[in-house]
Amino acid sequence: MKRAGKFLVLEAQEGNPVPRIVQWQDKVDLPKLYREGCQSLPRMLMLDMETGMDFFYPDFLFHPVLLVSREAMEVICLYEEGMAFCFCALFDRKREEGIAYYCPVLPEEEGHVLYRKRKGNGFEYRIRLDLAESLLRREASGFVLKE
């Protein structure tokens with residue numbers, strides 16, 4: 001559903017020790033993370049991660065792609081039912097533990113509650129204000145918002 005509204009830039013919160021995804025280049029086909037190519041994505045991506053001594057799992061991870069927790073995904077779906085997601089299982093082999101995240105298949109067009117916009121060689125993420133407020137009310141973590 002496309003609706004007008006104010007949008008903010010969604011960025012990674014700095015300074016928090018979060019999992020780092022490693023050796024992803026052979027596993028993530030970045031060009032397929034467009035709406036047109038998402039049907040050819042695998043049903044599940046299995047990615048390796050590294051964690052430090054003191055870390056936490058935020059609701060938003062930004063590298064190499066945007067990943068969100070199940071809770072954040074459910075909130076996003078409340079605002080845009082048709083948003084496609086790819087399931088991602090992250091594994092820390094040293095700790096022998098894993099966690100599930102979801103990769104939203106983001107459009108590059110305005111009018112969606114969450115979309116990406118080309119910026120230089122990469123992308124910046126834009127989020128509609130009402131969705132951002134809803135995430136903040138639910139104490140979602142791992143991101144900052146900028147005008």
Side-chain angles (χ1 to χ4, degrees), residues 1-22 24 27-52 54-92 95 97-147:
M1 169 186 356
K2 293 186 178 189
R3 289 194 349 215
K6 181 176 179 173
F7 283 82
L8 301 170
V9 176
L10 181 70
E11 294 182 353
Q13 186 177 25
E14 298 293 326
N16 290 322
V18 298
R20 188 171 67 88
I21 298 172
V22 295
W24 58 269
K27 298 176 183 174
V28 178
D29 189 354
L30 294 178
K32 287 186 180 175
L33 290 177
Y34 295 96
R35 285 203 184 266
E36 307 85 52
C38 72
Q39 292 83 10
S40 63
L41 289 171
R43 296 196 80 161
M44 175 175 61
L45 288 174
M46 295 178 62
L47 302 171
D48 293 321
M49 70 174 168
E50 291 178 350
T51 57
D54 296 320
F55 73 95
F56 81 106
Y57 294 114
D59 291 296
F60 285 77
L61 290 171
F62 287 83
H63 183 75
V65 295
L66 182 65
L67 297 173
V68 299
S69 68
R70 179 176 186 82
E71 294 80 10
M73 177 194 66
E74 290 172 351
V75 174
I76 294 166
C77 288
L78 291 174
Y79 288 82
E80 186 159 339
E81 290 180 23
M83 177 79 64
F85 290 86
C86 180
F87 177 79
C88 296
L90 307 183
F91 291 103
D92 185 333
R95 290 182 177 268
E97 68 180 38
I99 189 165
Y101 273 89
Y102 299 83
C103 178
V105 180
L106 297 176
E108 284 190 54
E109 60 217 30
E110 294 182 25
H112 295 272
V113 296
L114 183 61
Y115 70 98
R116 62 188 191 162
K117 183 174 179 161
R118 205 165 272 290
K119 185 175 182 182
N121 290 336
F123 294 95
E124 78 177 7
Y125 301 105
R126 303 276 177 99
I127 186 170
R128 202 170 66 201
L129 180 60
D130 58 342
L131 171 56
E133 289 172 339
S134 184
L135 289 163
L136 290 170
R137 278 192 305 275
R138 290 170 172 86
E139 299 181 2
S141 61
F143 67 93
V144 294
L145 301 167
K146 297 195 175 174
E147 291 282 334

Between atom [atom1] of [X] and atom [atom2] of [Y], what is the distance when rounded to the nearest 0.5 Å?
X      : Y      : atom1 : atom2 : answer
Asn16  : Phe56  : CG    : CZ    : 4.0 Å
Leu145 : Gln13  : CG    : CD    : 10.0 Å
Phe143 : Leu136 : CZ    : CG    : 4.5 Å
Asp59  : Ile76  : CG    : CD1   : 9.5 Å

Pair Glu124 + Lys117: basic N to acidic O under 4.0 Å: no
Got a salt bridge between Arg138 and Glu71, using NZ or NE/NH1/NH2 to carboxylate O under 4.0 Å? no
Using every non-hydrogen atom in the two residues, find where Ile99 and Met49 come nearest and quote the distance to one decimal. CG2-CE, 4.0 Å
When the ring planes of Phe55 and Tyr57 are compared, do they come out parallel, tilted or perpendicular, using 30° and 60° as the limits? perpendicular
Specify whether Tyr102 and Phe85 have parallel, tilted or perpendicular ring planes, treating 30° as the upper limit for parallel and 60° as the lower limit for perpendicular. perpendicular
Would you sort out whether Leu8 and Lys146 count as a side-chain contact (heavy atoms from CB on, under 4.5 Å), showing the intermediate values? CA-CA 6 Å; Leu8 301 170; Lys146 297 195 175 174; over 6 Å; no
With a 6.0 Å cut-off on ring centres, are Phe7 and Tyr115 close enough? yes
Check the pair Arg126, Leu10 against side-chain contact (heavy atoms from CB on, under 4.5 Å), reporting the backbone distance first and the verdict last. CA-CA 6 Å; Arg126 303 276 177 99; Leu10 181 70; over 6 Å; no
